[in-house]
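Shown next, in structure tokens, is the structure this report addresses.
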Amino acid sequence: MLRKNHLMYPILVLLGLAALLGASQGRTDCYGSVSRIRTSGASCKTAKPEGLSYCGVSASEKIAERDLRAMNQYKSLIRRVGENLCVEPALIAGIISRESHAGKILKNGWGDNGNGFGLMQVDKNSHKPVGQWNSEAHLRQGTNILISMIKTIQRKFPSWTKDQQLKGGISAYNAGAGNVRSYDRMDIGTTHNDYSNDVVARARYYKRHGY
């Protein structure tokens, strides 16, 4: 009987480890979730150039919908990077939609007058672009830049909730952490003064579509 117990112990340990690994594998909410963030969506300054006569969340969703077909080319890459780095794939997709319309507006992988590289528009003046413009390496670099911004906001605003810090990090991805001074006005100073709100609304759309 004692011998059997000795044999059972390592098996139970292994089963316990497998259960722990299973619970953590594929987790994407280490930095919060777009599902819990309140958002006002796209500003009229963002919506109007897209040919929309309305603004807000519905405008963000319409733009995201237009980008969905192009986005789906990169769905497996986006999901893999999100799962590896514990960031919601839908958020990565939301940033890609906002930055490059899933690559549709890029010329040879470049945008922003030749300053932004790839789907996530990594700024060549602040970072050395990695990989091909639509590669997993590029998506990892862009997502790691986002994570570094979230961590900076966590240190800057330790009393904010995890989801508030996530939204602050999204805003900082566009205009830098120094631009984030308060929660309610974090987007003032971002492109069209709506960056995090627009990205969150687009991300929620992509979450409903399997990202």
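Numbering starts at 1 and runs along the sequence shown.
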Is there a continuous path of hydrophobic side-chain contacts, each under 4.5 Å between heavy atoms, that joins V130 to L85? no
In this structure, CG of N174 is separated from OH of Y195 (nearest 0.5 Å) by 5.5 Å
* **Test: R208 and E61 ion pair at under 4.0 Å** => yes
Pair S33, E88: side-chain N/O donor-acceptor within cut-off below 3.5 Å: yes
Rounded to the nearest 0.5 angstrom, the CD1-CD1 distance for I95 and I170 is 6.0 Å
* Donor-acceptor side-chain pairing of S196 and D187 below 3.5 angstrom -> yes
S171 side-chain N/O to G168 backbone N/O, donor-acceptor pair under 3.5 Å:
no
When rounded to the nearest 0.5 Å, the distance separating CZ of R36 from OG1 of T161 is 8.5 Å
Residues at least two apart in sequence or cross-chain that pass side chain to side chain donor-acceptor pair (under 3.5 Å) with D184, listed by chain then number, are none
Under a 3.5 Å distance rule, please check whether N72 uses its side chain to pair with a backbone N or O of R69 as donor and acceptor.
no
- Would I92 and I147 show up in the same hydrophobic cluster when neighbours are defined by side-chain heavy atoms closer than 4.5 Å? yes
Would the distance check show the side chain of Q165 and the main-chain N or O of F157 forming a donor-acceptor pair, the cut-off being under 3.5 Å?
yes
- Is the side chain of H209 donor-acceptor paired with the backbone N or O of L68 at a distance under 3.5 Å, no angle test? no
_Would you say D123 and N125 are linked by a side-chain donor-acceptor pair, where the criterion is simply a distance under 3.5 Å?_
yes
- Query: Got a donor-acceptor contact below 3.5 angstrom from the K167 side chain to the R38 backbone?
  - Reply: yes
All heavy atoms of V122 vs all of H138, minimum pair found to be CG2-CE1, 3.7 Å
Check your understanding: Are Y183 and Y173 joined in one hydrophobic group, where the rule is that I, L, V, M, F, W and Y side chains link up if heavy atoms are under 4.5 Å apart?
Key -> yes
*Please test T28 against V87 for side-chain contact (heavy atoms from CB on, under 4.5 Å), starting from the C-alpha separation and ending with a verdict.*
CA-CA 5 Å; T28 58; V87 172; 6.0 Å; no
Rounded to the nearest 0.5 Å, the CE atom of M120 sits from the CD atom of E99 at a distance of 8.0 Å
Closest non-hydrogen contact found for G189 with A175 is O-CB, 3.9 Å
* Asked: Looking at the rings of W133 and F117, which for Trp means the six-membered one, are their centres under 6.0 Å apart?
  -> no
query = Would T46 and H192 count as having a side-chain donor-acceptor pair, cut-off 3.5 Å?
reply = yes
If only side-chain N and O atoms count, and only distance matters, is there a donor-acceptor pair under 3.5 Å linking Y205 with D67?
no
Taken in chain and number order and not counting sequence neighbours, the residues that satisfy salt bridge (Lys or Arg N to Asp or Glu O under 4.0 Å) with D194 are R98
* Short side-chain to backbone donor-acceptor contact, N179 and I188, under 3.5 Å -> yes
So the salt bridge (Lys or Arg N to Asp or Glu O under 4.0 Å) pairs with at least one residue in residues 135-157 (sequence neighbours excluded) are R80-E136
Would K48 and L52 satisfy side-chain contact (heavy atoms from CB on, under 4.5 Å), going step by step from the backbone distance to the final call?
-> CA-CA 5 Å; K48 194 174 179 181; L52 300 177; over 6 Å; no
Tightest non-hydrogen contact, residues L119 and N134, listed as CD1-CA, 3.9 Å
Q) Is it the case that N193 and S43 place a side-chain donor and acceptor less than 3.5 Å from each other? A) no
* To do: Give a yes-or-no answer on whether the side chains of R202 and S97 include a donor-acceptor pair shorter than 3.5 Å.
  => yes
Within a reach of under 6.0 Å around NZ of K45, are more than 12 heavy atoms found that belong to other residues, nucleotides or ligands? no
CG of L139 to CZ of R79, rounded to nearest 0.5 Å, is 14.5 Å
Hydrophobic cluster membership, with links at side-chain heavy-atom distances under 4.5 Å among I/L/V/M/F/W/Y: are Y74 and I63 in one? no
Heavy atoms of L146 and G169 approach each other most closely as CD1-O, 3.8 Å
- Mind checking whether V81 and L166 sit in one hydrophobic cluster, side chains of I, L, V, M, F, W, Y counted as touching below 4.5 Å? yes
Output for pair (N115 CG, W110 CH2), nearest 0.5 Å, gives 8.0 Å
Heavy-atom nearest pair, C44 first then P49, reads O-CD, 4.3 Å
(Q) Please check this pair: side chain of Q154 against backbone of M149, looking for a donor-acceptor N/O pair closer than 3.5 Å. (A) no
### Message
Parallel, tilted or perpendicular, judged at 30° and 60°: which one describes the rings of Y206 and Y211?
### Response
perpendicular
message = For Q132, I'd like to know if atom CD has over 12 heavy atoms of other residues, nucleotides or ligands within 6.0 Å.
response = no
Within the distance-only criterion (no hydrogens, no angle test), does the side chain of R27 pair as donor or acceptor with the backbone N or O of C86 below 3.5 angstrom?
no
Discussion item. I'd like to know if the side chain of N197 reaches the main chain of S40, judged simply by a donor and an acceptor atom lying under 3.5 Å from each other, with no hydrogens or angles considered.
Written reply: yes
Heavy atoms of I153 and A177 approach each other most closely as CD1-CB, 4.1 Å
